[in-house]
Amino acid sequence: MPGRLTAVPELPEVESARATVERAGLHRRIVQVDDTDTWECRPHPPGEIRAALLGRSLTGAFRRGKSMWCETSGLGRSRTPGPVLGLHLGMSGRILVTGPDGTLTEGGDWLGGRYGQGGEEPGRKAVWDRFTLTFADGGTLRLFDKRRLGRVRLDPDTSALGPDAELVDAAELAARLRRGRSPVKARLLDQSVVAGVGNLLADETLWQARLSPRRPVDELTDAELDRLHDALHTATRAAIDQGGVHTGEVIPFRGAGRHCPRCGAEMVRDTVGGRTTWWCPAEQR
DNA sequence: CCATATGTTAAAAG
DNA sequence: ACTTTTAACATATG
């Protein structure tokens, strides 16, 4: 269900956050920065991000997998751009943008249109706000992150990330997956192989492809890898269009006593790739 | 109190 | 040296 607080950001949710910044957060002059959460802003000491951003504005919002970043303007009339602001949502981060009057303009869909119990009203300092930009017009852009595993950093290093899961073509996906021998689900979750697949999107993709999450990647046939690419693309695109990975066809059936929505077999659970995994033992081979 | 958690990553293990 | 797995991270929730 949309808006539930348990939604964890995978590629589709990060894309939604990126679009939020693009629609509502660009070209507004930054006059205040709260970067005092030293855990979320690590390794930057308090004030470092603030000093780097004051007087600039965000000029573009980009994403690869679950990582997003914003380019920033030069100071004054300078054409030299400022630093890149890297944002990672971790396990529970959301991007909230407010307008000049403090009203939430973007990002609230993730909160079901409400703000929960933490005193986190729009425009006010909230318990779970870990990083805040305040604009000259009085509005804000905030990283709201209960579990505090998100990250804010200047000039983030994205060189270890594989190609974006929605853009990668079949040949490249196959070549990258086949470099190892571990279970196919573990490879899908490895952000250096392909960027953006989280636990739920992995389960959905493997269910659509009718592949067991435990299959060693080096055993997969060309046809199976093709199926996997189709499923990855379809599942990712559908999740973006429908507003989150929780809209996947098999996601509601991940649970004890639930049955495969295609064939009716009882779903089974195990740990694969270090994460709780549910699959249909009858169809996923 | 106990168990669980959908993200990342350093350290340990193989 | 390289690949794979595990444990830890900070915090919330049931």
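Predicted, not measured: the structure shown is a model, and the values here were computed from it. Numbers restart at 1 for each chain; the letters A, B, ... are given by sequence-line order, proteins then strands.
Note on A/Val14 and A/Ile240: separate hydrophobic clusters, where clusters join Ile, Leu, Val, Met, Phe, Trp and Tyr whose side-chain heavy atoms are under 4.5 Å apart, directly or indirectly. In the hydrophobic clustering of this structure, A/Val197 does not group with A/Val272; members are Ile, Leu, Val, Met, Phe, Trp, Tyr whose side-chain heavy atoms approach within less than 4.5 Å, directly or through other members. By the criterion of side-chain heavy atoms lying less than 4.5 angstrom apart, applied directly or through intervening Ile, Leu, Val, Met, Phe, Trp or Tyr residues, A/Leu149 is not grouped with A/Trp69; the two fall into different hydrophobic clusters. Using a 4.5 Å cut-off between side-chain heavy atoms of Ile, Leu, Val, Met, Phe, Trp and Tyr, with links allowed through other members, A/Trp278 and A/Leu232 fall into the same hydrophobic cluster.
Counting any heavy atom pair closer than 4.0 Å across all strands shown, A/Arg187 reaches sugar-phosphate atoms only and no base atom. Within 4.0 Å of A/Arg153, counting heavy atoms only, lies no atom of the nucleic acid at all. Residue A/Gly90 is in sugar-phosphate contact alone, with no base atom involved, counting any heavy-atom pair closer than 4.0 Å across all strands shown.
Closest to the side chain of A/Gln191, out of B/dT8, B/dT6, C/dT5, is B/dT8. The A/Trp128 side chain lies nearest to C/dA12 when the options are C/dA12, C/dT5, C/dA10. Closest to the A/Arg147 side chain, of the nucleotides C/dA12, C/dC9, C/dT4, is C/dA12. Of the candidate nucleotides C/dC9, C/dT11, B/dA5, C/dC9 has the atom nearest to the side chain of A/Leu149.
Not one side-chain nitrogen or oxygen of A/Lys146 sits closer than 4.0 Å to the OP1 or OP2 atom of C/dA10. Of the side-chain N and O atoms in A/Thr276, one or more sit less than 4.0 angstrom from OP1 or OP2 of B/dA5. Between A/Arg179 and C/dC2, a side-chain N or O to OP1/OP2 separation shorter than 4.0 Å is absent. The side chain of A/His88 places no N or O atom within less than 4.0 Å of a non-bridging phosphate oxygen (OP1 or OP2) of B/dG7.
One atom, CG of A/Asn199, and another, P of B/dT8, lie 11 Å apart when rounded to the nearest Å. Nucleotide B/dG7 holds its P atom 11 Å from the CG atom of A/Leu11, rounded to whole Å. Straight-line distance from the CZ atom of A/Phe131 to the C1' atom of C/dA10: 19 Å, rounded to whole Å. Distance A/His246 NE2 to B/dT6 C1': 12 Å, rounded to the nearest Å. Going from atom CE of A/Met91 over to atom C1' of B/dT9 covers 14 Å, rounded to whole Å. If you take CD of A/Glu13 and P of B/dT6, they are 13 Å apart, rounded to a whole angstrom. One interatomic measurement links the two molecules: CG of A/Leu177 to C1' of C/dT4, which rounds to 15 Å at whole-angstrom precision. Here C/dT11 presents its P atom at 14 Å from CG of A/Asp129, a figure rounded to the nearest Å.
C/dA1 and B/dT9: their P atoms are spaced 23 Å apart (whole Å).
DNA chain B contains the following stems of three or more consecutive Watson-Crick or G-U pairs, with both distances under 3.5 Å: B:2-5 with C:11-14, B:7-14 with C:2-9.
In this structure, A/Arg181 and A/Arg148 both approach DNA chain C, and ranking their closest nucleotides by distance from the 5' end singles out A/Arg181. In terms of position on DNA chain B, the residue among A/Arg275 and A/Arg269 whose nearest nucleotide sits closer to the 5' end is A/Arg269.
At distances below 3.5 Å, not a single donor-acceptor pair connects side-chain atoms of A/Asp164 with backbone N or O atoms of A/Arg64.
For the pair A/Arg262 and A/Trp207, the distance from NZ or CZ to the six-membered ring centre is under 6.0 Å and the angle to the ring normal is within 45 degrees.
Between A/Arg142 and A/Asp129 there is a salt bridge, since at least one side-chain N of the basic residue sits less than 4.0 Å from a carboxylate O of the acidic one.
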Side-chain donor-acceptor pairs under 3.5 Å in residues 77-84 of chain A, sequence neighbours left out?
{"unit_1": "A/Ser78", "atom_1": "OG", "unit_2": "A/Thr80", "atom_2": "N", "d": "3.0"}
{"unit_1": "A/Arg79", "atom_1": "NE", "unit_2": "A/Arg77", "atom_2": "O", "d": "3.3"}
{"unit_1": "A/Arg79", "atom_1": "NH2", "unit_2": "A/Arg77", "atom_2": "O", "d": "3.1"}

